[in-house]
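See below for the structure under consideration.
For the numbers below, each heavy atom of this structure counts, side chains included, while hydrogens, waters and symmetry mates do not.
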Amino acid sequence: VAIALMCNVDFVSGFLLGLFCACMAFVAQTSMSEPVQLTFYPGKGLRSRVLRSKTETQILEDYDRSAGFLILRLQGVLFFGNAHSLLEHVENVSCNAVIIDFAQV
């Protein structure tokens with residue numbers, strides 16, 4: 001359609017129509033992707049790469065037992081089209097802290 005518009009009407013109009021169609025295709029494809037790769041609740045089984053002292057490790061474990069926290073590992077593209085699925089993971093969880101790992105975004 002854009003090529004026909006470029007040939008028959010106006011080059012700029014065809015170019016703008018093609019650009020608009022490409023943007024809409026990008027938004028549609030990316031909004032269907034799932035940004036949350038893994039969810040851990042509570043935080044057991046997932047540790048930081050930071051070496052911590054026994055005291056710091058004990059504080060984190062005590063906090064996890066008493067209040068709990070949610071760990072979300074994200075991947076891919078995160079933007080307004082698929083951010084709602086991130087909210088769905090966090091919305092109904094009863095915890096005091098949410099840790100979001102953006103390493104693969």
* Asked: Is Phe26 reachable from Phe20 through a run of hydrophobic residues whose side-chain heavy atoms are each under 4.5 Å from the next?
  ->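 No; tracing contacts between hydrophobic side chains, which count when under 4.5 Å, never links both residues.
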* Is there side-chain contact between Glu56 and Ser53, with at least one heavy-atom pair below 4.5 Å? -> yes
* Asked: Roughly how far apart are Leu16 CG and Asp10 CG, rounded to 0.5 Å?
  ->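 If we round to the nearest 0.5 Å, Leu16:CG and Asp10:CG are 8.5 Å apart.
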* Measure the spacing between CD1 of Ile100 and CZ of Arg73 and express it to the nearest 0.5 Å. =>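 It is 13.5 Å, given to the nearest 0.5 Å.
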